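The structure under discussion appears below in the form of structure tokens.
Throughout, a chain's letter reflects where its sequence line sits, starting with A, and its residues are numbered from 1. Quick caveat, the model's predicted, so the values are computed rather than measured.
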Amino acid sequence: MSGMRWKGLVAGVLTFALAGSAALGQTAGVVKLGYVGSLTGPHSGWDVPALEGMQMAVTEINGAGGFKVGGKAYRIEIVQEDAQSKPDAAATAAQKLLSDEDIHVVMGVLTSVPGVPVATQMAKAKVMYIGGFTAMDGIVGKPGNELSFRALDTDDTVAKGFVPVVVKELGLKKVGILVPNDDVSKTFVKAYQPLFSQAGVEVSMVEFFQPGTTDFAPVLRKFQGKGLDGMFIGYADPDAEAIIRQSLEVGDLPKKFVYRGGSGAPAVKYADKIDGFVWQILTRDLASSSDEKVKAWIDRYKAATKKDIVANTYWALTFYDAVFMLGKAMDAAGTTTDQAAIAAKLKGMVYDGVRRMSFDKDGHAVTDVDIGIIKGGKTYSIPEKVL
Amino acid sequence: MLLDIIQTGLDGVMVGSLYAMVALGITLVFGLVGILNFAHGQSVMLGAYVCFFLVSAGHSFWVGAIVATLAMGVFGALLERAVFRRTLGDPFAGLAVSLGLIMIIENVAAAALTPDPRFMDAPVSGNFAVGPLLLSSQRSLVFVISSALILGFWLFLQYSTLGKAIRAMSQSRQGAALVGVRVDTVSRSIFAVGSALAGAAGALYASLFAVTPFMGAAPLTKGFILAALGGLGSVPGAIAAGFLLGLAESFGSRYLSASFRDGYGFIILIFALLFLPTGLFGAGKARV
């Protein structure tokens, strides 16, 4: 082969390669989105649905051709790690995600014990993190946490609308508070106690129980004979169901329950034995909603996961809309990697998805929620407009 | 006030009878075979699930409890034959194996059954009045059943042939073998009986509290406190310690703080180790 012919061939190959890479440049890029959550262990009831919701959003975005940033389409790829419901495993899982330099945004964790080490490491590494656990309320907005977001409303935000509805629906005058002895409870008791007083309800006693307690009889005896007409309880379903069940066993206790938790499941079996149960649905009511957007989402969820809707399914909406918001924020910022710019666009954005949600200037979610009610043997929900 | 104290005391005795049942299995195995079987809590958990699923399938609580007890008895015998027999004479190996079993059983249960807590319908519900006292119907039933099982177990040890063989082995394994006791059979029986008691305790737990794959940890921890408190190997000690712990938790939660509930047992244990190092009844060594 002559030199001229070699040069011609090399030039041809280079031209083809350049043309090919240019053509690839027009095809979708990839944004890696980290997910850390408890996929095993006792907290998996929260984080598995949360991951399912995120996967749904990603599938829907990718199925529609991805999202655009500066005219270029991007598809999302989830990189997931298991926090195993343990803080040490959560820290290791976070480290694994942080070791991937292509991951600029991480979502996940709905429970505080594994959540805190994840949020701490993300903040130290200056990686954008959107979590869901309650203890994030004490992290988001603090110096050094400018890239931290919480995808669920704070207690302060929810409580303002929740307490008046509860008082009206259950006709409360005097309540006792029984919650686990941890930072989460101490934080929300401070938020709720004055709101009950403002609503004309006396909070006559507050008791903290050891987390993990199964036998509530002795502490429930403290509430007997106090003239209470309601109990404010929190915040995990097993605790709530045990308290309701054992209140009925022990006797001489109120039969109206206000639950600072996210499911009606604890009271369902006792609906005909109690006088009322009100809970917070921090995303949307999937059991009895008349909202067409919610109904359509339920159909898509069932098709995507091959699962029925159960009490914990609504956690799947925690990050679902946030993924769409993230795509829009990246588009508005004109970048998929500049986290400060993306975070700035995310704060203040209002998104009307399955949830109507927004993030305030600190990164706290401000979203409309639903309030679930079991009363007179009937289950229904009332929308609480927050936005 | 007096009424409140009596009521709180009854709450403590009711839950204490459950603790005693779990502690019995632990102290029995340790006293006679020298193995601290940490997997004992898993028999409680599995027993609870057996009962839960049978009741959920439409069977009565009684069927569920009996099947749970028998199934865990078989499970204990199998564990002895397949695992613990090979660690006899090596307590650390037995300890390590039982810790491994906890991980395996707990995680298999979580994977197969999901970690979601489940509540079983109790055979009786509500409460009833005895004079001025208001008693939980199911807790009273649990107290009666567990007390009957504890009494039955004590009678079994005192008067049955196998019970006498167990007592002989507790005094001297070699001596028992020399007088014709089949120590292998007795060892297997001890595991079976201890595990069956745990299965029965699991069924009773399930009638009061949530059933989860991780529920074995609390009864196990308390069981070990009680076994140590009562004197490792001492059946009367384990029973007395069970009731003592129930009372301590009940009075502590009622009149001090419910946020320190599990701490009361450890306080008693520390005092017992300081002032009664051989257990409540000064067992010193295995005594059944």
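What you find for B:S250 and A:P218 is that their closest heavy atoms are O-CB, 3.5 Å. Nearest heavy atom pair, residue A:Q210 against residue B:G263, reads OE1-N, 4.3 Å. Heavy-atom minimum distance, A:R245 versus B:A206: NH2-O, 4.3 Å.
Interface summary for chain A: among B:A210, B:S257, B:P213, B:G126, the most heavy-atom pairs under 4.5 angstrom belong to B:G126. Counting heavy-atom pairs closer than 4.5 Å to chain A, the top-ranked of the candidates B:F209, B:Y255, B:F119 is B:F119. Between chain B and the residues A:T214, A:L178, A:T40, the largest count of heavy-atom pairs under 4.5 Å involves A:T214. Note: B:L208 leads B:L208, B:T212, B:V15, B:T8 in heavy-atom pairs under 4.5 Å with chain A.
B:D4 CG: more than 12 foreign heavy atoms inside a 6.0 Å radius. Around atom NZ of A:K190, no more than 12 heavy atoms belonging to other residues, nucleotides or ligands sit under 6.0 Å away. Atom NZ of A:K96 sits in a sparse spot, with 12 or fewer heavy atoms from other residues, nucleotides or ligands closer than 6.0 Å. Atom CZ of B:F271 is surrounded by 12 or fewer heavy atoms from other residues, nucleotides or ligands within 6.0 Å. Counted within 6.0 Å of CE on A:M205, heavy atoms from surrounding residues, nucleotides or ligands total more than 12; the atom is thus considered enclosed.
The part of A:T213 that comes within reach of chain B is its side chain, from C-beta onward, which places non-hydrogen atoms under 4.5 angstrom from that chain. Neither the backbone nor the side chain of B:E106 comes within less than 4.5 Å of any heavy atom in chain A. Both the backbone and the side chain of B:A122 come within contact range of chain A, each with at least one heavy atom under 4.5 Å from a heavy atom of that chain. For B:L256, the part sitting under 4.5 Å from any heavy atom of chain A is the backbone (N, CA, C, O) and nothing else. For a residue to count as touching a neighbouring chain, one of its non-hydrogen atoms must lie under 4.5 Å from one of that chain's; by this rule B:N107 does not touch chain A.
Residues of residues 247-262 of chain A having a heavy atom under 4.5 Å from any heavy atom of chain B, listed by number: A:L248, A:E249, A:V250, A:G251, A:D252.
Annotation: side chain of B:D11 is in contact with side chain of A:R221 (closest heavy-atom distance under 4.5 Å). Within the 4.5 Å cutoff, side-chain heavy atoms of B:R139 are placed close to those of A:Q246.
For the atom pair OG of B:S253 and CG of A:L220, the computed distance is 10.5 Å after rounding to the nearest 0.5 Å.
The main-chain N or O of A:D215 is found under 3.5 Å from a side-chain atom of B:R261 such that the two form a donor-acceptor pair.
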